[in-house]
Protein chains: 2
Amino acid sequence: MQQNNASLTQAERTALSDKAMLEAAMALVLEHGPDKTTLAMIGDKAGYSRGLATYRFGSKGGLYDALCKSISRHWLEYLKQGVGDKVGIDAMCAALDTIYKFEQELPDEARALQILYSGAASPSAEYQQTAVGIRRRQKSDVAEWVRRGQDAGQVRDDVIADEVAAQYVAYISGMTYLWMMSPDSFDFSVANEVMKRHLRDSLTAV
Amino acid sequence: MQQNNASLTQAERTALSDKAMLEAAMALVLEHGPDKTTLAMIGDKAGYSRGLATYRFGSKGGLYDALCKSISRHWLEYLKQGVGDKVGIDAMCAALDTIYKFEQELPDEARALQILYSGAASPSAEYQQTAVGIRRRQKSDVAEWVRRGQDAGQVRDDVIADEVAAQYVAYISGMTYLWMMSPDSFDFSVANEVMKRHLRDSLTAV
DNA sequence: AATCACTTGCTTGTTAACAGCAAGTAAAAT
DNA sequence: ATTTTACTTGCTGTTAACAAGCAAGTGATT
């Protein structure tokens with residue numbers, strides 16, 4: 001399929017097939033969901049054999065773990081760019097805007113990530129720890145924003161960073177889930193404005 | 001298995017096997033997740049044949065839809081009892097306490113429901129509409145509490161009931177999900193106290 | 001620079017497990 | 001007694017996973 005390139009190093013071949021497989025997997029997950037997607041479909045769509053997915057990723061769960069990590073990495077980079085070096089309330093508001101922008105610009109990745117994170121709730125999900133780790137990291141990042149905002153005098157001192165971060169991450173998890181499940185019932189941009197106002201009202205130093 | 005009862009009506013037989021199947025399914029979903037649970041395992045655990053689940057519920061997805069509805073019904077009754085005839089902020093706070101109590105008293109049902117709702121994010125989930133409908137109903141119930149609280153003069157008039165309800169339901173969805181994924185990272189009772197304080201601070205009429 | 005030993009990427013053959021269906025049996029209703 | 005309903009068993013196509021094989025790339029020796 002891809003041997004029109006006269007000659008590739010082993011590393012290049014792997015990188016190429018890896019990318020093709022993960023892209024195919026994402027498209028098929030969006031269309032059919034993780035469980036109705038078969039390894040044969042993925043291999044076929046990627047332009048390889050039905051056996052490559054298992055060979056490369058060990059198992060179906062292993063492939064989804066890799067996909068989860070791959071999209072998460074991209075998302076975390078995107079978020080980092082959107083937030084920049086802001087801290088405190090500014091960082092939290094910028095993150096909300098970045099989430100919305102990500103959903104608008106890269107709806108496929110956003111949706112696929114949401115499906116995978118949701119699937120991680122199942123006891124059989126092999127990427128459960130991956131999903132948990134990312135949520136945990138997001139929470140600690142937010143807590144750090146709050147602490148730095150407090151140091152900078154922007155955020156009031158009597159709030160507890162970890163508590164604020166837990167509420168914030170819970171809100172985001174729930175809102176992205178609900179919005180994906182029924183976009184017509186939940187207006188994301190309005191919700192974001194409400195949330196930003198709330199953050200300013202409740203966290204700004206007196 | 002259950003024919004020690006001399007004679008049962010057809011309706012009784014169905015009710016009995018229905019209950020046994022759903023209970024078995026719930027236990028197995030908690031242990032192995034929906035996709036690694038097989039219909040044969042469910043029939044076996046319930047004390048019937050491997051074929052009954054398909055016969056009764058049409059398909060694996062149909063069974064999970066029934067399970068989702070069954071646990072949801074119980075949960076909604078439990079919630080109704082916990083909230084009583086409260087409205088406004090009181091109802092929203094009572095609902096938070098009831099959620100916590102449900103998780104403490106009936107952790108299996110709470111966890112199974114969470115797994116099923118999460119699985120509904122997959123495009124292949126046959127109970128997607130069931131899950132969406134319940135979330136939608138919860139949101140409109142909350143909006144109604146807010147409106148009645150406004151009528152009673154407890155809740156400030158300048159908040160928009162639908163917006164408040166969306167935020168509230170999003171927060172609950174996210175918190176229950178995160179708490180199930182890593183109970184050690186999210187302190188549910190502390191989060192509830194924080195949330196209740198926030199509700200009072202931001203919604204109480206001036 | 002040409003060959004050869006070896007490794008790595010990928011494919012194909014195979015198997016056990018699975019969901020779903022159809023045809024059957026047993027139990028209750030009429 | 002006959003019909004209807006609850007449930008079981010036999011069967012088939014599909015699937016994930018594994019193993020054995022093939023082909024392409026790599027690196028050392030000459």
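Computed over heavy atoms, backbone and side chain alike; hydrogens, waters and symmetry mates excluded. Residue numbers begin at 1 in each chain, while the letters A, B, ... track the order of the sequences.
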Which one, dA24(D), dT11(C), dA28(C), comes nearest to the side chain of Tyr48(A)? dT11(C)
Which nucleotide in the set dA6(D), dT11(C), dT8(D) lies at the smallest distance from any side-chain heavy atom of Arg13(B)? dA6(D)
Please state how far atom [atom1] in [X] lies from atom [atom2] in [N], giving the value in whole angstrom units.
X	N	atom1	atom2	value
Ile42(A)	dT11(C)	CD1	C1'	17 Å
Phe57(A)	dC18(D)	CZ	C1'	18 Å
Leu52(A)	dA17(D)	CG	P	14 Å
Asp44(B)	dA19(C)	CG	P	13 Å
Leu8(B)	dA29(C)	CG	C1'	14 Å
Leu63(A)	dA17(D)	CG	P	10 Å

Tell me every residue that passes side-chain hydrogen bond (donor to acceptor under 3.5 Å, both in side chains) with Asp97(B), counting only those two or more places apart in sequence or in another chain. Lys196(B)
According to salt bridge (Lys or Arg N to Asp or Glu O under 4.0 Å), does anything in residues 103-117 of chain B pair up with another residue at least two apart or in another chain? List the pairs. none
What pairs meet the salt bridge (Lys or Arg N to Asp or Glu O under 4.0 Å) rule with one or both residues in residues 78-89 of chain A, with sequence neighbours excluded? none
All pairs passing ring pair (Phe, Tyr, Trp, His ring centres under 6.0 Å) where residues 159-183 of chain A contributes a residue, at least two apart: Trp179(A)-Phe188(A)
Kindly state each residue pair satisfying ring pair (Phe, Tyr, Trp, His ring centres under 6.0 Å) with at least one member in residues 76-99 of chain A, sequence neighbours excluded. Tyr78(A)-Phe102(A)
Residue set satisfying salt bridge (charged side-chain N to carboxylate O under 4.0 Å, His left out) with Glu23(B), at least two apart, ordered chain then number -> Lys19(B)
Taking atom CE of Met180(B) and atom CZ of Phe186(B), what is their separation to the nearest 0.5 Å? 12.5 Å
Ser124(A): what forms a side-chain contact (heavy atoms from CB on, under 4.5 Å) with it, not counting sequence neighbours? Ser122(A), Asp35(B), Lys36(B)
Residues in side-chain contact (heavy atoms from CB on, under 4.5 Å) with Val87(B), at least two apart? Arg148(B)
Stepwise side-chain contact (heavy atoms from CB on, under 4.5 Å) check, Trp75(A) with Ile134(A): CA-CA 11 Å; Trp75(A) 155 239; Ile134(A) 285 159; 5.6 Å; no
Please tabulate, one pair per line, each protein N/O and nucleotide N/O from nucleotides 22-25 of chain C that are separated by under 3.5 Å, including the distance.
none

At under 4.0 Å between heavy atoms, how does the protein contact nucleotides 10-16 of chain D? Give one character per nucleotide, 5' to 3', with B, S or -. BB---SS
Can you pull every protein N or O that's under 3.5 Å from an N or O on nucleotides 1-3 of chain D?
none

Table please: side-chain donor-acceptor pairs of residues 65-72 of chain B below 3.5 Å, with sequence neighbours left out.
| from | atom 1 | to | atom 2 | distance (Å) |
| --- | --- | --- | --- | --- |
| Asp65(B) | OD1 | Thr130(B) | OG1 | 2.5 |
| Asp65(B) | OD2 | Lys69(B) | NZ | 2.9 |
| Ser72(B) | OG | Cys68(B) | O | 2.7 |
| Ser72(B) | OG | Tyr117(B) | OH | 2.8 |

